[in-house]
Novice: 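Here it is, the structure, as structure tokens.
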Amino acid sequence: MANAHKVRIVARLRPRIDGEVDDGAIQVCHPSDNTSSSFSSASGAGASYISVPNPRDPTELFKYPFSSCYDQTSTQEELFENDVSPLMNVVYEGVTVTIFAYGVTSSGKTHTMQGTKGQPGVIPRAVASLFNKRSEYPQFQTSLTVSYMEIYKDEVYDLLVERDNAPKLPVRENHEGMVFVANLSSISISNADEFDAIYGQATKNRSVGATNLNRASSRSHAVLTIEITMLDAINNKTRIGKLNLVDLAGSENNKITGNDQIRMQESSAINKSLSVLGKVVHALNIGQSRIPYRESKLTRILQDALGGKSVGLLICNLAPGVKFRTDTVNTLKFATQTKKIENKPVVNEQDNRPAVKPHFAALNVILRPPQQPAKALIVPSEPTQSFAPHPQPQMLVNLPRRGRPSLVPRPRVSRVSSAFQPMTAPLMQIPEGIVTSHSMNGGSSFQGMTEAEINERISKAVEAEVARRLEERERARAKEEEERVAERSASNTLPEVSGADTPSRRRSTRSKSRSPRKEDAQPLPPGLLTPLLKRHKDMDNELQSRLQELERKYEHGDKEAKLVAALSPVSRKKTGRAWVALARAQSEKGDLQVALDLYRKAETYVPGNVKLKERIIEIEWAVKNERPFVPSPKRPKKTKAERRKEKKCREKEREVEEKENPLSDDQMDVDEIAATLSGTFGAEITNAVGDGTPEENINQSRSSSPAKRRRSEQDSDLEHATPAKRAKTKVVVYGSDDEEPLAAPVRKGKRKLLA
Ligand SMILES: Nc1ncnc2c1ncn2[C@@H]1O[C@H](COP(=O)(O)OP(=O)(O)OP(=O)(O)O)[C@@H](O)[C@H]1O
């Protein structure tokens, strides 16, 4: 599955809840569907769409077509069967699927994802479906694990451990660029009931609080991951499918949530992370080279679902209330942009057959990490905390190395069903020591080792290698010397036969002795050819040993390339630097050939370094032409003042950037998100108004600026507009799937298209 796959978007409008003012202005339209179905999932020109009046201009109607649109009467079952169930097969194909619910606070995200006992949502249905589907894949021995985390105030917590003891978990990236949450626990589950018990308990750990808008408002983003490991014993392969179910916290307008200080802080974190999500989506859409995933933990963790290797489904939840109108428009604009994002899903499958090639013994000895004791099986429903320094890798390493990092934490402790043994074969055919660490650690190449220990091992490896090379060089020199002595003694003998020992004479004598003319053929004195024959033998030996050396180097080079790939960028740089230092020392000593070898070695670790390339070319030239190497003069070091000046310049640039982009403000609230989204998605958005009661509107208009009052009036114009007035609207269609404007129902010639 290497083709691009766009994120699928479905919209769901929830029913009105008690005390809510619903003016019926948000409509779910199914133009190609004349039946009274509560949803439609046609695509193309006849696609269903959500229509919303522009909160600032009642004569304008926004239309948002999506893959499926669910109205207020839709059921949990309909949504699951129509849009979620087909993705369960994709998980069984070994692909990561991410489903996330997005919407303003109280729009029904938790209801859709979690549901209630009577109306179970996407999560319990998906897990039940995954268990049911096991029988459709009899070729696999299947095991399922669950992990569950929340991102609360931009910190990650494990929901499978007691809330009081839950530490903040770090988000890390392994050398494959895959993002994972370190030390996140996961539990093996063998049936849906077991899952329900664990999920029910874990959900109680989630941060929930009451606001004016929702009695049980989620104060965090929750990410539940189900991982299926499928062992194909016949073909000796393992496939891993993942399902990420994400219930995002809702964006909030603090003017109407009535939040206290704690809620305000939560709200600020929620809104900030959502605005970063908006920025990421925007950056992906305009093809920016830098996607700001790192600006929030949420986007880092969702990285794979946004332009990564997974299949994505966004459920866009909408609230019908008048007071949510602006936020609803923002939600729809966000969804419209998200549907343009293309992912490149890949199948996570690995071959378990053991590596054929022998291991690279030397590096293996030096770099092999300490052996870890076998990990105990973890009893389901009793999540234990592992303190292993490094978690399991997130995805299989035989995946293509390009592409964006993976989403979702792979559990730090492998919990396997007792039905079969865990995978034991290395995941990649690279030196054993490296493979072991690589395959057992998500974040580091060397299991259980600190950076200092890794560096120490690297330096030892480098030193050993250099010592070996120097020794070799010495041996070669001694041999050369021996040859020279032998040659000299041979030429000392020759004058007895051929006269004075001038170089030209020596040359001619040698040529004569090699190809004697018949007429010159004379019996040579006994023992005369012995040194020459010895020399030939030596040359043969040398040639042979050089060939062997070459073969060894070739082999070594291959291993080394793998070693380089297994190191983190920092370790690569450090190792490169160590080689350069040694090379420089050799070049200063005048041993250019050794220096050249060492520089070349350094280059394998830092291939893009231009200076290093130049140095190699210079030394190569010097060696080839037997000239002394004179290094090109060093660039003068920058003074403190110059460095300070440069730093200031950089800071100034950053400030300008931040000014242009107000999203970096931690205290951002929903108004700012609206402003950002308006910039991002091309329409002007106002602040949300109150709940529409006359008293509140009066109070609000008294306290607000004239501009805000004007907007407020326009909003209320629309709210109280008659259907006839609303019918006299211009229509703006956002992000139609086929980029064709939908037919405008009214007001000919006044249609605007914002793609
Ligand atoms: N489709 C629906 N049918 C019936 N009731 C619904 C539906 N969707 C939501 N609700 C009700 O609306 C209220 C708010 O829903 P919910 O808590 O799921 O919103 P939310 O988007 O998760 O909010 P928050 O972001 O604040 O956590 C709940 O009382 C829920 O039962």
Side-chain angles (χ1 to χ4, degrees), residues 10-22 26 28 38-39 50 68-84 99-125 150-153 159 203-224 245-254 256-260 262-264 266-274 277 298 314-321 323-324 327-328 330-332 334-335 669-670 673 688 691:
V10 305
R12 185 185 197 188
L13 180 64
R14 74 151 163 75
R16 191 185 74 84
I17 47 181
D18 286 348
E20 191 171 51
V21 178
D22 174 10
I26 301 180
V28 178
S38 59
F39 73 96
I50 305 288
S68 305
C69 294
Y70 294 84
D71 67 24
Q72 290 165 309
T73 61
S74 64
T75 63
Q76 305 274 59
E77 192 181 0
E78 279 172 341
L79 188 140
F80 181 80
E81 290 304 327
N82 190 47
D83 278 297
V84 181
I99 301 174
F100 45 116
Y102 180 93
V104 66
T105 182
S106 98
S107 57
K109 299 178 294 297
T110 307
H111 180 83
T112 300
M113 295 305 284
Q114 188 179 312
T116 57
K117 260 226 151 76
Q119 298 176 53
V122 167
I123 291 174
R125 284 172 196 271
E150 73 170 348
I151 306 166
Y152 175 69
K153 292 208 244 170
L159 287 172
T203 302
K204 287 184 193 150
N205 292 332
R206 191 174 171 194
S207 307
V208 173
T211 69
N212 282 354
L213 300 177
N214 191 351
R215 259 181 296 124
S217 176
S218 310
R219 314 310 296 158
S220 65
H221 309 295
V223 182
L224 181 109
L245 299 153
V246 187
D247 179 8
L248 295 170
S251 57
E252 298 183 340
N253 187 327
N254 286 317
I256 50 177
T257 46
N259 281 344
D260 59 19
I262 292 176
R263 293 274 169 274
M264 283 287 268
E266 291 168 347
S267 175
S268 161
I270 293 169
N271 289 339
K272 191 198 165 192
S273 56
L274 291 174
L277 185 60
L298 175 70
L314 175 79
I315 303 172
C316 172
N317 287 95
L318 307 169
K323 62 187 167 195
F324 298 117
D327 301 320
T328 301
N330 286 338
T331 301
L332 290 163
F334 171 81
D669 81 348
V670 78
I673 293 182
D691 66 1

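Both counts, for ligands and for their atoms, begin at 1 and track the order of listing. Everything quoted here is computed from the prediction, not taken from an experiment.
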Novice: Could you establish whether G103 and ligand 1 come within less than 4.0 Å of each other, counting only heavy atoms on the residue side?
Specialist: no
Novice: Can you list the ligand 1 atoms lying under 4.0 Å from a non-hydrogen atom of R14?
Specialist: 7 (C), 8 (N), 9 (C), 10 (N), 12 (O)
Novice: Please name the pair of heavy atoms, one in N205 and one in L159, separated by the smallest distance, quoted to 0.1 Å.
Specialist: ND2-O, 2.9 Å
Novice: Using side-chain contact (heavy atoms from CB on, under 4.5 Å) as the criterion, point out the one residue from L224, T112, T110, V122 that pairs with D247.
Specialist: T110
Novice: Answer yes or no: is there an ion pair linking R14 with E20, defined by an N-O contact shorter than 4.0 Å?
Specialist: yes
Novice: Do other residues, nucleotides or ligands put more than 12 heavy atoms under 6.0 Å from the CD atom of E77?
Specialist: no
Novice: Determine whether the side chain, the backbone, both or neither of S74 has a heavy atom under 4.0 Å from any heavy atom of ligand 1.
Specialist: neither
Novice: Considering distance alone, does some N or O of Q119 sit under 3.5 Å from an N or O of ligand 1?
Specialist: no
Novice: Return yes if some donor-acceptor pair links the side-chain N/O of R125 with the main-chain N/O of P120 below 3.5 Å, else return no.
Specialist: yes
Novice: Give the numbers and elements of all ligand 1 atoms closer than 4.0 Å to a heavy atom of K109.
Specialist: 18 (O), 19 (O), 20 (P), 21 (O), 22 (O), 23 (O), 24 (P), 25 (O)
Novice: Any idea which of H111, R16, Q76 brings a heavy atom closest to atom 7 (C) of ligand 1?
Specialist: H111
Novice: Numbering the atoms of ligand 1 from 1, which are under 4.0 Å from a heavy atom of T105?
Specialist: 23 (O), 24 (P), 25 (O), 26 (O)
Novice: Regarding H221 and S273, do their side chains bring together a donor and an acceptor under 3.5 Å, going by distance alone?
Specialist: yes
Novice: Quickly, which of D327, D71, L13 forms a side-chain contact (heavy atoms from CB on, under 4.5 Å) with L318? Name it, please.
Specialist: L13
Novice: Is there a polar contact between ligand 1 and G108, counting only N or O atoms under 3.5 Å apart?
Specialist: yes
Novice: Ligand 1 versus R12, non-hydrogen atoms closer than 4.0 Å: side chain, backbone, both, neither?
Specialist: side chain
